[in-house]
Amino acid sequence: MPKQQYQVLADELKNKIDSGEWPPGTKLPSRSQLCKEYGVSDTVVGKAMMILRATGLTETLEGVGVFVAEPKQAS
């Protein structure tokens with residue numbers, strides 16, 4: 001079964017984080033920038049961002065933006 005657009009986008013953004021292209025502390029592009037860059041709707045970007053946040057890859061600072069999270073240390 002083909003992946004949904006938001007899953008594809010989440011994978012793309014995760015790859016940028018995992019590869020070090022976007023290191024911890026990097027501010028992600030705005031939702032509107034991501035919409036334009038990837039040719040998707042705001043809803044698709046929103047769902048992709050929810051996946052990244054839920055998996056601990058990003059942190060949101062209200063009114064500031066979305067940032068790559070510091071990797072969690074194994075306890």
Side-chain angles (χ1 to χ4, degrees):
M1 181 172 210
K3 287 186 176 183
Q4 296 290 322
Q5 276 188 311
Y6 68 88
Q7 293 169 315
V8 173
L9 178 58
D11 288 346
E12 285 271 329
L13 301 179
K14 181 182 183 309
N15 287 339
K16 288 188 177 202
I17 293 168
D18 291 344
S19 73
E21 186 176 337
W22 289 348
T26 300
K27 184 176 180 181
L28 273 60
S30 70
R31 285 171 78 129
S32 62
Q33 287 173 303
L34 290 170
C35 289
K36 285 182 191 148
E37 186 176 336
Y38 291 95
V40 295
S41 71
D42 186 66
T43 303
V44 169
V45 172
K47 284 185 175 184
M49 295 303 232
M50 280 179 24
I51 291 170
L52 296 180
R53 189 169 51 247
T55 56
L57 289 173
T58 61
E59 298 174 332
T60 303
L61 294 176
E62 292 300 323
V64 179
V66 179
F67 296 83
V68 177
E70 291 289 335
K72 301 286 185 254
Q73 298 297 321
S75 49

- Task: Among residues two or more places apart or on two chains, list those pairs meeting salt bridge (Lys or Arg N to Asp or Glu O under 4.0 Å) that have a residue in residues 49-62.
- Result: none
- Item | Same apolar cluster (I L V M F W Y, side chains within < 4.5 Å links), V8/L52 | no
Can you give me every donor-acceptor pair (side chain of residues 20-29, partner residue at least two apart or in another chain, under 3.5 Å) with its distance?
from : atom 1 : to  : atom 2 : distance (Å)
T26  : OG1    : P23 : O      : 2.7
K27  : NZ     : V64 : O      : 2.9

- Message: Minimum heavy-atom separation for A10 and A48, please, with both atom names.
- Response: N-CB, 3.8 Å
- Message: Show, in sequence, the C-alpha distance, side-chain angles and deciding distance for L9 and M49, and conclude whether the side-chain contact (heavy atoms from CB on, under 4.5 Å) test is met.
- Response: CA-CA 9 Å; L9 178 58; M49 295 303 232; over 6 Å; no
- Message: With rounding to the nearest 0.5 angstrom, report the CG to CG distance, D18 to D11.
- Response: 10.0 Å
- Note on the structure: Output for pair (K47 NZ, Q7 CD), nearest 0.5 Å, gives 9.0 Å
What pairs of donor and acceptor atoms, side-chain ones from residues 32-40 against any protein atom, are under 3.5 angstrom apart with sequence neighbours left out?
from : atom 1 : to  : atom 2 : distance (Å)
S32  : OG     : S30 : OG     : 3.2
Q33  : OE1    : S30 : N      : 2.7
Q33  : OE1    : S30 : OG     : 3.2

- Message: To the nearest 0.5 Å, what is the distance between CG on L13 and CG on L57?
- Response: 10.0 Å
- Message: So L61 and F67, do their side chains get closer than 4.5 Å, heavy atoms only?
- Response: yes
